[in-house]
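Computed from a predicted model, the values in this text were never measured in an experiment. Lettering of chains follows the sequences in order, A, B, ..., and the numbering in each one begins at 1.
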Amino acid sequence: MGPLAPYEIISENTNFLLAFFIGIAFGWVLESSGFSSSRKLAGIFYGYDTVVLKVFFTGAITAMLGLLFMSLFGWIDLDLVYVNPTYLTSAIIGGVVMGAGFIMGGFCPGTSFCGAAIGKIDAMVFVGGLFIGVYGFAFTYPWWEKMYMAKYLGEPKVSEKLGMSDGLFGLLLIIVALGMFIVAEWAEKKWPREEY
Amino acid sequence: MSKNTTTERSRRYLNPYLGGVLLGLVLLAANFVSGRGLGASGAVKSVVATTIEAVDKDAASTMPFMAEYAESHSGSPMRSWLVFQMLGVIVGGFLSGAVAGRLKLKVEHSPKITSRRRLIFALMGGILFGFGSQIGRGCTSGSALSGMAVLSMGGFITMMAIFGTAFALAYFFRRNWI
């Protein structure tokens, strides 16, 4: 019965060791999917390479379905699985700032570490920027605190808010994702780019 | 583009849908083991919290950012799930690159721009992403991807804000990429 660490089936140290191995798998999948390349990542925003969309949504849906089925079979207690809290204002503002960083820098934090690991100097500079950004936030936190804490809605699930079951929402998400994949395949043919 | 390069490209990288399923299984494993999803910016935050404390313990004790951090993490900030996970990411990324023959020290950029321009934008992008990840309580991994898997409303909102903004601004930065 999972999750293992919250149920104290495994010790804290085992949990950390498993974190390291899960990280290896995470880094391996990101790198081998091409996420160590900023030009591949940024391709989604111009249509020439939509690998981000395909990997990201397939990943989110796979994990979502996995959790729903494991819960159904009684293999995992979803009440003990962390659901990110929703602070409406900061979720939007943070996302907007991150989006600007994405289109300028061509990486997100996880992918920049992957790029840096295989020797991409632009990724290493991006990682340096991440640290500057987090220090900047730490030292100016009092200025943002009010906005950071505003519009706290608890830990709502999007399915609850829309008044449908988790399963139905999951099905709709899959249909939306399939639609986006069709558009993505079409876009890659319409706006091809030479390989470098 | 010749047929040859297309074949080579598909050999070089995983099929994206297969990559997605594998990513989903990794995320599922993270949830099954630790009860939480994956993350990246959280590890940066741990390092930042550790260094602030090491440099000036007194100043750190008065910083609300550190207090907020301490509330969610007991013990040393480096004894954190995400720190061990990110160390793994670096190893995993390196191993994948090594197997595929992609280990190379270089600045990757469009032929239309200079390395210098690429690095300046990479730095600015990193600063914004780091800053934004703190406002949004997590980045693409921790907030958007992991949040979506557990159907968190905040996760979906942050995901849409990230991709929506990047799409909206893509026109202004097109010279860097196409």
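Here B:Val21 is the residue among B:Val21, B:Thr51, B:Ile90 with the most heavy-atom pairs under 4.5 Å with chain A. Of all the listed residues (A:Glu12, A:Glu160, A:Met147), the one sharing the greatest number of non-hydrogen pairs under 4.5 Å with chain B is A:Glu12. Between chain A and the residues B:Val107, B:Thr165, B:Leu128, B:Ile135, the most heavy-atom pairs under 4.5 angstrom are made by B:Ile135. Residue with the most contacts toward chain B among A:Ile61, A:Val158, A:Asp166: A:Val158 (heavy-atom pairs, distance under 4.5 Å). Between chain B and the options A:Phe57, A:Trp75, A:Phe102, A:Phe56, the largest number of non-hydrogen pairs under 4.5 Å is found for A:Phe56. For the set B:Gly147, B:Ser34, B:Gly136, the entry with the most heavy-atom pairs within less than 4.5 Å of chain A is B:Ser34. With chain B as the partner, the residue from A:Phe113, A:Phe35, A:Trp191, A:Phe131 showing the most heavy-atom pairs under 4.5 Å is A:Phe131. With chain B as partner, the option from A:Gly128, A:Gly136, A:Ser159, A:Ala138 having the largest number of non-hydrogen pairs under 4.5 angstrom is A:Ala138. With chain B as the partner, the residue from A:Ala5, A:Gly59, A:Gly2 showing the most heavy-atom pairs under 4.5 Å is A:Gly59.
Side-chain atoms of A:Asn84 come within 3.5 Å of backbone N or O of B:Gly142 as a donor-acceptor pair. Between the side chain of B:Arg137 and the backbone N or O of A:Tyr148, at least one donor-acceptor pair lies under 3.5 Å. A donor-acceptor pair under 3.5 Å links the side-chain atoms of A:Tyr46 to the main chain of B:Ala170, judged by distance alone.
Of the atoms belonging to A:Ile76, it is side-chain heavy atoms, and not backbone ones, that fall under 4.5 Å from chain B. Both the backbone and the side chain of B:Ala144 come within less than 4.5 Å of a heavy atom in chain A. If you measure heavy-atom distances from A:Val52 to chain B, the contacts under 4.5 Å come from the side chain alone. At a 4.5 Å heavy-atom cutoff, the contact between B:Leu38 and chain A is made by side-chain atoms alone. Residue A:Ser32 touches chain B through both its backbone and its side chain, counting heavy-atom pairs closer than 4.5 Å. At a 4.5 Å heavy-atom cutoff, the contact between A:Ile44 and chain B is made by backbone and side-chain atoms alike. Of the two parts of A:Ile9, neither the backbone nor the side chain holds a non-hydrogen atom closer than 4.5 Å to a non-hydrogen atom of chain B. Residue contact with chain B, scored on non-hydrogen atoms closer than 4.5 Å, involves the side chain of A:Thr140 exclusively. Contact annotation for B:Met66: neither backbone nor side-chain heavy atoms come within less than 4.5 Å of a heavy atom of chain A. Looking at B:Ser115, neither its backbone nor its side chain comes within 4.5 Å of chain A, counting heavy atoms on both sides.
Counting only N and O atoms by type, the side chains of B:Ser152 and A:Glu155 include no donor and acceptor under 3.5 Å apart. With hydrogens and angles left out, the side-chain atoms of A:Ser38 and B:Arg118 include a donor and acceptor closer than 3.5 Å.
By the 30° and 60° cut-offs, the orientation of the rings of A:Phe137 relative to B:Phe65 is perpendicular.
Under the 6.0 Å cut-off for aromatic ring centres, B:Phe84 and A:Phe20 do not qualify, their centroids lying 6.0 Å or more apart. Ring pair A:Trp144/B:Phe131: centre-to-centre distance below 6.0 Å. The ring of B:Phe173 has its center no closer than 6.0 angstrom to the ring center of A:Phe45.
Between the CE atom of A:Met104 and the CG atom of B:Leu123 there is a distance of 9.5 Å, given to the nearest 0.5 Å. The structure places OG1 of A:Thr86 at 5.0 Å from CE of B:Met153, a figure rounded to the nearest 0.5 Å. Taken from CZ in B:Phe163 to CE in A:Met98, the straight-line distance is 10.5 Å, to the nearest 0.5 Å. Here the straight-line distance linking atom CD1 of B:Ile127 with atom CD1 of A:Ile132 works out to 4.5 Å at 0.5 Å rounding. In this structure, CG in B:Leu95 is found 12.0 Å from CD1 in A:Ile118, a value given to the nearest 0.5 Å. For the atom pair A:Leu67 CG and B:Asn31 CG, the distance stands at 5.0 Å (nearest 0.5 Å).
Residues B:Leu105 and A:Met124 have side chains in contact (heavy-atom distance under 4.5 Å, counting atoms from C-beta outward). Under the 4.5 Å side-chain criterion, counting only non-hydrogen atoms from C-beta, A:Arg39 is in contact with B:Glu108. Side-chain contact between B:Leu23 and A:Thr58 is absent, with no heavy atoms from C-beta onward closer than 4.5 Å.
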Notebook entry, point to check: Could you go step by step and tell me if A:Phe169 and B:Phe156 meet the ring pair (Phe, Tyr, Trp, His ring centres under 6.0 Å) rule?
Noted result: CA-CA 12 Å; A:Phe169 179 80; B:Phe156 276 88; 5.4 Å; yes
Item checked: Intermediate values then yes/no, side-chain contact (heavy atoms from CB on, under 4.5 Å), B:Val33 and A:Ile10 -> CA-CA 8 Å; B:Val33 167; A:Ile10 53 171; 3.9 Å; yes
Note to self: As a quick check of understanding, evaluate side-chain contact (heavy atoms from CB on, under 4.5 Å) for B:Lys106 and A:Lys120, giving each step before the final call.
What the structure shows: CA-CA 5 Å; B:Lys106 69 165 178 183; A:Lys120 295 273 169 71; 3.6 Å; yes
Next item on the list: Start with the C-alpha gap between A:Met70 and B:Phe32, add the side-chain angles, then the distance that decides, and say whether side-chain contact (heavy atoms from CB on, under 4.5 Å) holds.
Entry: CA-CA 9 Å; A:Met70 286 171 81; B:Phe32 183 73; 3.3 Å; yes
Next item on the list: Would you please test A:Phe139 and B:Ile52 for side-chain contact (heavy atoms from CB on, under 4.5 Å) and show each step?
Entry: CA-CA 10 Å; A:Phe139 284 105; B:Ile52 290 176; 4.1 Å; yes
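Of all the heavy atoms in A:Ala63 and B:Ala149, the pair that sits closest is CB-CB, 3.7 Å. When every heavy atom of A:Glu31 is checked against every heavy atom of B:Ser96, the shortest pair comes out as OE1-OG, 2.6 Å. The minimum heavy-atom distance between B:Ser141 and A:Phe26, with the atom names listed, is OG-CZ, 3.8 Å. Between A:Val134 and B:Lys45, the shortest heavy-atom contact is CG1-CA, 4.1 Å. Between A:Ala91 and B:Gly154, the shortest heavy-atom distance links the atoms CB-O, 4.3 Å. For B:Tyr13 against A:Ser37, the heavy-atom pair with the smallest separation is OH-CB, 4.4 Å.
More than 12 heavy atoms of other residues, nucleotides or ligands sit less than 6.0 Å from atom OH of A:Tyr7. Within 6.0 Å of CZ in A:Phe73 there are more than 12 heavy atoms belonging to other residues, nucleotides or ligands.
Both B:Met160 and A:Tyr87 belong to a common hydrophobic cluster when Ile, Leu, Val, Met, Phe, Trp and Tyr are linked at side-chain heavy-atom distances under 4.5 angstrom. Placement of A:Leu4 and A:Met1 within a single hydrophobic cluster is found when ILVMFWY residues are connected by side-chain heavy-atom separations under 4.5 Å, directly or transitively. Taking hydrophobic clusters as Ile, Leu, Val, Met, Phe, Trp and Tyr residues chained together by side-chain heavy-atom distances below 4.5 Å, B:Tyr69 does not share a cluster with A:Trp143.
Considering B:Leu14, B:Leu22, B:Val99 as possible partners of A:Trp28, the one that fulfils the side-chain contact (heavy atoms from CB on, under 4.5 Å) test is B:Val99.
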